[in-house]
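To start, the structure under review is shown below, and the notes come after it.
Order of the sequence lines sets the chain letters (A, B, ...), proteins ahead of strands, with each chain counted from 1.
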2 protein chains.
Amino acid sequence: MNPKFYFLPQEKQQTILNAGFHVFSRNSYRKSPMSEIADAAGIRKSLLFHYFRNKKELYLFLWDTCAKITVEEMERSGTYEQTDLFGSMEYGMQAKLSLMRRYPDIGVFAVRAFYEKDPEVSSDIQRSMGRYLAVHAEKKLQKLDPEDFISGIDLQMMYKEMYWASEGCLWEYIQRGSMDTDAMEKDFHELVDFWKKVYIRKRQGDKR
Amino acid sequence: MNPKFYFLPQEKQQTILNAGFHVFSRNSYRKSPMSEIADAAGIRKSLLFHYFRNKKELYLFLWDTCAKITVEEMERSGTYEQTDLFGSMEYGMQAKLSLMRRYPDIGVFAVRAFYEKDPEVSSDIQRSMGRYLAVHAEKKLQKLDPEDFISGIDLQMMYKEMYWASEGCLWEYIQRGSMDTDAMEKDFHELVDFWKKVYIRKRQGDKR
DNA sequence: CCTCCGTTAACCGAATCGGTCAATATGATG
DNA sequence: CATCATATTGACCGATTCGGTTAACGGAGG
């Protein structure tokens with residue numbers, strides 16, 4: 001990638017990145033034309049080729065950038081330091097939302113890239129994935145105290161259910177095409193509120 | 001559409017339909033080549049054009065077929081007659097699963113077609129949608145008796161949460177690319193079980 | 001042998017693809 | 001104004017792919 005790209009004004013860089021995320025998130029690698037990305041970025045195709053030698057380079061650059069800023073955002077938000085389940089859930093959501101406000105299509109792009117089958121890029125994606133695959137939050141489950149939740153509840157199932165619900169909510173917005181992050185934030189917040197009310201054990205002496 | 005298509009053996013019809021659902025569900029209308037569909041169906045492109053005059057005709061035929069068999073399956077399964085919320089949820093899921101066993105990509109196809117923007121087909125899709133848009137299950141909510149559920153629960157939120165969770169679960173399978181309907185059935189069933197345990201009010205004198 | 005018909009190979013013109021490059025626009029400097 | 005470096009573009013290329021057509025193939029039945 002041409003280092004001159006980094007000297008572009010932040011805003012222009014972001015526009016180009018978003019154009020890439022957008023097109024690659026809606027089509028497979030092979031069916032994502034550079035021309036379409038250039039159009040979405042408001043520049044000419046030739047300029048896009050000026051910054052990135054070829055399509056593959058742009059694609060992998062987007063993938064790396066995606067991983068980089070995701071990790072940055074997660075650390076910045078303090079999600080990892082949260083010990084409470086619902087707290088970390090909400091923090092994680094906030095991080096995701098803040099990311100999606102700057103890069104609306106980054107989430108779908110990441111998923112699609114991860115499952116991309118095209119031999120021209122799939123191996124590179126999978127290889128670099130090994131580096132980024134952090135020890136996922138599943139560990140959280142073992143630290144949960146059953147006494148904090150309503151009696152008899154299957155904590156693993158609860159966690160899975162919560163995960164699916166938030167993904168399903170996200171999916172609804174994705175399908176619609178418009179990424180109204182404010183509405184999403186509201187929905188997510190209501191979800192967490194609902195979970196708290198339903199799943200948390202009410203102890204005698206608790207306020208509320 | 002060439003009426004000869006109907007005289008094909010059921011199995012071959014289904015193979016062609018599935019090939020169409022598959023390709024159109026993974027790419028936009030414009031980026032779904034007829035050749036790819038023919039390949040997926042195991043026939044030559046020219047034969048595909050023998051049954052369907054052009055791409056648009058095939059696409060709209062798939063859309064109509066999709067609507068038709070969905071309605072059929074819903075009626076056959078008896079989902080509409082279910083009065084109990086979780087019962088209708090489970091019946092609906094079973095109907096969806098039975099559909100997806102025969103037509104693995106029909107669900108994603110339907111969603112994608114509904115949001116398709118290409119001017120060559122979007123207007124036709126939207127127009128015919130008006131005919132199929134049944135009075136959705138949302139009415140169910142008003143018939144629910146709050147006494148049946150744990151006290152203080154927001155029923156609307158509960159319903160929304162359940163919907164999202166099932167969609168999120170579905171999404172996970174879609175992304176993975178493989179439609180393991182048996183595993184899905186297991187997951188869905190466990191979900192409903194979980195909901196029942198958590199949301200239903202336990203009355204004194206209830207068995208279990 | 002012929003006829004019928006499902007099926008195909010070969011082909012067509014147009015469009016699109018990734019990528020190149022000479023030319024132009026822009027802006028700073030002297 | 002002239003000069004020069006840099007940012008950006010238009011025009012172009014060869015290869016491929018697209019939707020769609022058509023003549024011919026090949027097997028079954030008479």
Does the plane of the ring in [X] sit parallel, tilted or perpendicular to the ring in [Y]? Use 30° and 60° as the thresholds.
X: A:Y59; Y: A:F109; answer: perpendicular
X: B:F21; Y: B:Y103; answer: perpendicular
X: A:F52; Y: A:F61; answer: tilted

- Test the A:R176-A:Y173 pair against the cation-pi criterion, namely NZ or CZ under 6.0 angstrom from the six-membered ring centroid and within 45° of the ring axis. yes
Under 3.5 Å between N/O atoms: give me all the protein pairs with nucleotides 14-19 of chain C, atom names plus distance.
{"residue": "C:dC17", "atom": "OP2", "partner": "A:S35", "partner atom": "OG", "Å": "3.4"}
{"residue": "C:dG18", "atom": "OP1", "partner": "A:S32", "partner atom": "O", "Å": "3.4"}
{"residue": "C:dG18", "atom": "OP1", "partner": "A:K55", "partner atom": "NZ", "Å": "2.7"}
{"residue": "C:dG18", "atom": "OP2", "partner": "A:M34", "partner atom": "N", "Å": "2.9"}
{"residue": "C:dG18", "atom": "N7", "partner": "A:K45", "partner atom": "NZ", "Å": "3.2"}
{"residue": "C:dG18", "atom": "O6", "partner": "A:K45", "partner atom": "NZ", "Å": "3.4"}
{"residue": "C:dG19", "atom": "OP2", "partner": "A:K55", "partner atom": "N", "Å": "2.8"}
{"residue": "C:dG19", "atom": "N7", "partner": "A:K45", "partner atom": "NZ", "Å": "3.3"}
{"residue": "C:dG19", "atom": "O6", "partner": "A:K45", "partner atom": "NZ", "Å": "2.6"}

- Message: Using modelled atom types and a 3.5 Å cut-off, is there a donor and acceptor pairing between side-chain atoms of A:K45 and backbone atoms of A:A38?
- Response: no
- Counting distance only, does the side-chain N/O of A:Y51 pair as donor-acceptor with the main-chain N or O of A:Y6 below 3.5 Å? no
- B:Y91 OH: over 12 foreign heavy atoms closer than 6.0 Å: no
- Per salt bridge (charged side-chain N to carboxylate O under 4.0 Å, His left out), B:E73 is matched among B:K68, B:R102, B:R101 by B:R102
- Item | First and last nucleotide of DNA chain D, 5' to 3', lying under 4.0 Å from heavy atoms of chain B | D:dC18 to D:dT22
- Task: Starting from P on C:dA9, measure out to CG on B:D39 and report it in whole angstrom.
- Result: 11 Å
- Message: Looking at C:dG6, I'd like to know if its phosphate oxygens (OP1 or OP2) sit under 4.0 Å from a side-chain N or O belonging to B:Y51.
- Response: no
